[in-house]
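Data first, discussion second: the structure below is written as structure tokens.
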There are 2 protein chains.
Amino acid sequence: MSDTPSAPARIRNIAELARLAGVSTGTVSRALADKSLVNKDTRERIQALARAHGFRPNQMARRLRIQETKVIGVVVPLGHEQRQHLSDPFFMAILGHLADALTENGYDIMLSRVIPDADDWLERIVDSGMLDGVLLIGQSNQFETIERVAQWYRPMVVWGSHRPGQIHCTVGVDNRKGGHLAGECLIRAGRTRLAFMGEAVAPELKDRYDGLCDAAAAAGLPPPLKLDTHLASDVMAEDIAAHIHRIGTDVDGIAAASDLIAMHAVRALADRGIRVPEDISVTGFDDLPLAEQTIPRLTTISQSIAVGARAMVSALFERIAGNDAASVEMAPQLIRRDTA
Amino acid sequence: MSDTPSAPARIRNIAELARLAGVSTGTVSRALADKSLVNKDTRERIQALARAHGFRPNQMARRLRIQETKVIGVVVPLGHEQRQHLSDPFFMAILGHLADALTENGYDIMLSRVIPDADDWLERIVDSGMLDGVLLIGQSNQFETIERVAQWYRPMVVWGSHRPGQIHCTVGVDNRKGGHLAGECLIRAGRTRLAFMGEAVAPELKDRYDGLCDAAAAAGLPPPLKLDTHLASDVMAEDIAAHIHRIGTDVDGIAAASDLIAMHAVRALADRGIRVPEDISVTGFDDLPLAEQTIPRLTTISQSIAVGARAMVSALFERIAGNDAASVEMAPQLIRRDTA
DNA sequence: AAGACGTTTGCAATCGATTGTTGCATGTGT
DNA sequence: ACACATGCAACAATCGATTGCAAACGTCTT
């Protein structure tokens, strides 16, 4: 009687379990992996023993040996906007879908909110030896860094814009087309004094602005006004309120760079007694689930986030398997609701 | 000339770097850790070499040896609501703040969305050997499981309700009080036919309902109607629309279990031409940043998510350090805006 | 009875780092 | 010139698993 059977001593590693079972560690390892190499009886005996003691092999050690971590890094680079927050609804919506797709495939998720202060931030993540692959949500202003790393690090997929000739694999919508659609929608609504609300540092948003310009040009209108806005939700509200205050009725159509911005804009307009869409038309971008639940419901450009997330994950798996996966550019779609 | 200097061979471990530098692996390890035990010159020489080759030590191996992972698991148990999604704005808001607090302290985040099918889901996470601690967002219907694990696993903090005598450490608001506040607000607005919209399986939400009952009882009103609603955002909208359709004007005050539910309710009421707050009053719960940006702006019960997240993290660090940290119950606050 | 073969199990190397101990040169004091 | 302290780096054990290879055993064939 070596132990109180009612309160079994905690077992810390397979060696202890092996001693308890009177076999070698190798056998325990194989037994717990349910390999047919070990006798069915011993195998089940060891598994029962492990269960009885609540023993589970150390994953860190296993993964070190296996050289495969089953962990994917999901990284949000906040280059141009240090105060932007992970709680941004777009990040979160896409993160939710990524989480679904990854967990379904047996992968865990390591989340990093990175403020790229050191210029090797991405190398540090990619090189940590803890990740089988990396998903970047947004290119921010880190295009060069991403390209540099993509030259030698394959299992990485980025949500964002695809520039001709770029190395890194992106999934995203045709942002320029999206901006164009928004512009057309506003113009069809009879708007002529357009503005873009957002900021054009990240390639994605720049493309949206350019698309809006295309639409304006095609209709013979001057280039839309650019209303720069911080993306951090706390300052965003102030920025937008200030813009609305300043522009008054110089503008009659606002293409917002995101649904969140659009919602804030509608709110700020309401505060000043300006009606949407009667006085001013507003379009969003993203088609977050929320866009349909606001009052008035948001007219917006759909990014089909769920599809995009799946595309990112499957491209990543391709690349992990060693195959090349091309960038995916999805077609944006105008979702006409109440604001434009 | 053994190597092309322009394209240095990739170095995979400290042993290779050691050979390159003509020292032992121990010295390299200490040099990279910047320990004074190795001569300043050699130290800098090795560091320069590492930098030149873009070498970074394997974290998996390091952490295995150190027995400290600097990773915290953030887990959302979806016990009662399999289809609830990570993109739930409340999860995401709190996750954002947790991410801030944890990354500031040098910890990474491992995200798990768990559908507790196997009853040892929490043991599996806690025991993986990959985590220094665990934060649970919500108790779901897993109270017993959490208690069981908390008996032997210390570094765990849970967002949720505190029941007298419970072992696991929670941070949260006094949900019953919150429900009470919501009830009082509705009653002060002259509402007498109250309803609770949500579902009372998770302890947090049950408490909110009980608090609402308290307020009703104190005002001599019958117990509020219970309108069960799925928490998965896709079905939630339908559920709510159905409820609104069914109750018509039998109800004149709705206390929603969350801001998201409240927003959907306001939307569904608007669809049926019922005005908020003229015809029906609605209160939310959480005070998400969005609640202030809706039209009409949401009257809600504040959870001060940011403060709560900080409290969770600091309690967790206490427990990692081996100290006991007591549960925290914050006072909810009524935020009066436009819907009640 | 010897050899061939199949089934189980043990041994020991390995993944890539960290760190206590030991040993070898120096330098210092007398 | 000898004893002793000091600084620096090498050696080897360790973290906790996995896995190729070899050995032990029993069974079957000839």
Side-chain angles (χ1 to χ4, degrees), chain A residues 9-47 49-50 53-71 108 123-124 126-132, chain B residues 9-47 49-50 53-71 108 123-124 126-132:
Chain A
R10 239 190 138 52
I11 293 198
R12 340 193 50 73
N13 51 38
I14 55 170
E16 291 185 14
L17 188 58
R19 193 149 29 75
L20 213 68
V23 297
S24 74
T25 64
T27 304
V28 170
S29 173
R30 284 185 258 255
L32 293 180
D34 213 30
K35 297 223 169 123
S36 59
L37 253 71
V38 354
N39 187 340
K40 189 146 177 285
D41 293 345
T42 7
R43 210 194 315 162
E44 285 171 356
R45 189 165 55 85
I46 292 174
Q47 288 173 358
L49 216 52
H53 288 75
F55 172 75
R56 253 166 289 270
N58 183 305
Q59 291 302 311
M60 196 73 81
R62 158 164 228 279
R63 291 166 180 189
L64 169 61
R65 177 62 228 248
I66 294 304
Q67 295 289 75
E68 195 195 55
T69 67
K70 288 283 180 183
V71 178
D108 285 329
E123 275 95 345
R124 232 160 28 200
V126 144
D127 243 24
S128 66
M130 307 253 334
L131 303 176
D132 284 352
Chain B
R10 247 197 128 52
I11 294 199
R12 344 192 49 74
N13 51 38
I14 55 170
E16 292 186 12
L17 188 57
R19 195 150 28 78
L20 214 67
V23 297
S24 74
T25 64
T27 304
V28 171
S29 173
R30 283 186 256 255
L32 292 180
D34 215 29
K35 296 221 170 126
S36 58
L37 261 76
V38 355
N39 187 340
K40 189 147 174 284
D41 292 346
T42 11
R43 209 192 315 163
E44 284 171 356
R45 189 166 53 87
I46 293 174
Q47 288 173 359
L49 216 51
H53 288 75
F55 171 75
R56 254 165 288 271
N58 183 305
Q59 291 302 310
M60 195 73 80
R62 160 165 226 279
R63 291 167 181 189
L64 169 62
R65 178 62 227 248
I66 295 302
Q67 296 287 77
E68 196 195 54
T69 66
K70 288 284 181 180
V71 178
D108 285 329
E123 274 96 346
R124 228 152 40 191
V126 145
D127 242 24
S128 67
M130 306 254 334
L131 303 176
D132 284 351

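Each chain gets a letter, A, B and so on, in the order the sequences are listed, and its residues count up from 1.
- Using a 4.0 Å heavy-atom distance criterion, Leu64(B) is classed as a base contact.
- Residues His53(B) and Glu16(B) have side chains not in contact (no heavy-atom distance under 4.5 Å, counting atoms from C-beta outward).
- When heavy atoms are screened at a 4.0 angstrom cut-off, Ile14(B) is found touching base atoms of the nucleic acid.
- To the nearest 0.5 Å, atom CG of residue Asp108(B) and atom NZ of residue Lys70(B) are 10.0 Å apart.
- First and last contacts of DNA chain C with chain B, using any nucleotide atom under 4.0 Å from a protein heavy atom and ordered 5' to 3', fall at dG16(C) to dG20(C).
- Atom CG in Asn13(A) sits 9.0 Å away from atom CG in Asn58(A) (nearest 0.5 Å).
- Between Arg10(B) and Asp127(A) there is a salt bridge, since at least one side-chain N of the basic residue sits less than 4.0 Å from a carboxylate O of the acidic one.
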Heavy-atom protein contacts under 4.0 Å, nucleotides 4-13 of chain D, coded B base, S sugar-phosphate only, - none: ----SSBB-B
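- From Ile11(A), atom CD1 reaches atom CG of Leu20(A) across 5.0 Å, with rounding to the nearest 0.5 Å.
- The distance from atom CD1 of Ile66(A) to atom CE of Met60(B), rounded to the nearest 0.5 Å, is 11.0 Å.
- No side-chain heavy atom of Leu49(A) sits less than 4.5 Å from a side-chain heavy atom of Phe55(A).
- Under the rule for a side-chain hydrogen bond (donor to acceptor under 3.5 Å, both in side chains), Arg62(A) has no partner lying at least two apart in sequence or in another chain.
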